[in-house]
2 protein chains.
Amino acid sequence: MERRLADTLRESIEQMIVTGEIADGARLDEVRLAAKFGVSRTPLREAFQVLSASGLVELIPRRGAFVRLPSVVQMIEMFEVMAELEAMCGRLATRRISADGIAALKKAADDCDRALMEGDTDQYYRENEVFHHLLYDASGNSFLAEEAARLHRRLQPFRRMQLRVRGRMGQSMKEHRDVLTAVESGDEARAADALHNHVAIQGEKFNDLMASYERTQRQAS
Amino acid sequence: MERRLADTLRESIEQMIVTGEIADGARLDEVRLAAKFGVSRTPLREAFQVLSASGLVELIPRRGAFVRLPSVVQMIEMFEVMAELEAMCGRLATRRISADGIAALKKAADDCDRALMEGDTDQYYRENEVFHHLLYDASGNSFLAEEAARLHRRLQPFRRMQLRVRGRMGQSMKEHRDVLTAVESGDEARAADALHNHVAIQGEKFNDLMASYERTQRQAS
DNA sequence: AAACGTAATTTTGTATACAAGAATGTTGAC
DNA sequence: GTCAACATTCTTGTATACAAAATTACGTTT
């Protein structure tokens, strides 16, 4: 389905931005990138349009496309909104989820734990995404599920900053369990709370983020 | 700033879609539209990319761009998410708003009332947008404010469906007052509740929406 | 040396050209 | 009459070409 240059280019550039290969604030040089990828400027510019819509780059008319990475403050704000959307999903899901849905959620949580214990962080992020997507879908509000998934995807690269710190992993496991038991017991408010707490950057999580952020900043300079 | 064909084209097409000039599900014919606007396909296709990102059209690779208007169910889902974001704004704004901010909010509510009493609905939508944007900004979370504004804008054409029904206007005025008093008295929960209630499609609002939706459907066919 | 104005050079935005894939129409077999 | 295979026509996706705006370089003036 996704077989257009514009789409693959978008993914590649996105990757280059979040890995720091292209620095924050830098201009995306159309001719240079076109040469680098061996394509013309046309599909590149189409990719720029959607990158701009996603907020990762800013398109200034007749000036160019500039990388716009969120600051720490913006990052915390984004996770705060994510937390609220997740809480909403949790509240609705608790009311509407089926027995099969709960079983699937349990399995996803188990898979998360296994990945963590095996130290396979890439696998963890995949399983964690499954867990959260199950909750989004279980909300029964497909628009909410889409929006939550969109923001989750946008935050993915920054989420890694938090969990990299040792010790956070056990904490994350426990938080999944809290969500699960709340959903299972039909306690909407507690499910919402547990999810908000799992996602928002508060307390120790703030310190973890700061430590990670400053490290990446030092790398970039 | 917005001086590119691609941007004006996006706006024009958006307008054509929400006014029904281009029907739901229709394919956006690149060559026909290019001829109609007297431009080439290049800026048109760039406009398609951002329309696709906003959800108003679906881009199917090598098939074309298709209009995707939300169904009634999706519309209710969208307003439910909007309600939650507004509630979040209200909760944070209540905690963080300044005296000046409250004064501005009061003025905006007054301007809304005046527009309604004068029967100037266009003016009402403008003033209503001011009122809500003030709340978004007062939340102190700029990312939240942006996201709320984005969704508000996306829902604007469908919002008109609800208020067109006679009698809803007085209701809307009262709801603004409820929000205002809650914010003023520092009652976070009540502010959040009042906003959720103001935005979500519940009770009589559902009937109003249905009546309006069916009317537009009849027009389209 | 700083500031201004102008020419040269990039770079963006748009138009046009072309190639590959999808849709459509036609013919022939059963 | 229906279905299938092929040819034709349209449509999309990408490359190239060109014009206008912005940036840079440079020389002149003070």
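Numbered from 1 within each chain, the chains take letters A, B, ... in sequence-line order.
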Checklist entry - When you check the gap from the basic side-chain N to the acidic O, do Asp111(A) and Arg114(A) get nearer than 4.0 Å? => result yes
Checklist entry - Base, backbone or nothing for each nucleotide of nucleotides 7-17 of chain C, written B, S, -, heavy atoms under 4.0 angstrom, 5' to 3'? => result ----SBBBBBB
Checklist entry - Rounded to whole angstroms, how far apart are CG on Asp7(A) and P on dG13(D)? => result 9 Å
Next on the checklist: Check the orientation of His133(A) and His152(A). Use parallel for under 30°, tilted for 30 to 60°, and perpendicular for over 60°.
Outcome noted: perpendicular
Next on the checklist: Could you tell me if the side chain of Leu155(B) sits less than 4.5 Å from the side chain of Phe79(B), heavy atoms only?
Outcome noted: yes
Checklist entry - With sequence neighbours excluded, what pairs up with His196(B) under the ring-ring contact (aromatic ring centres under 6.0 Å, His included) test? => result none
Next on the checklist: Using a 6.0 Å cut-off, check whether atom CZ of Arg96(A) has over 12 heavy atoms from anything other than its own residue.
Outcome noted: yes
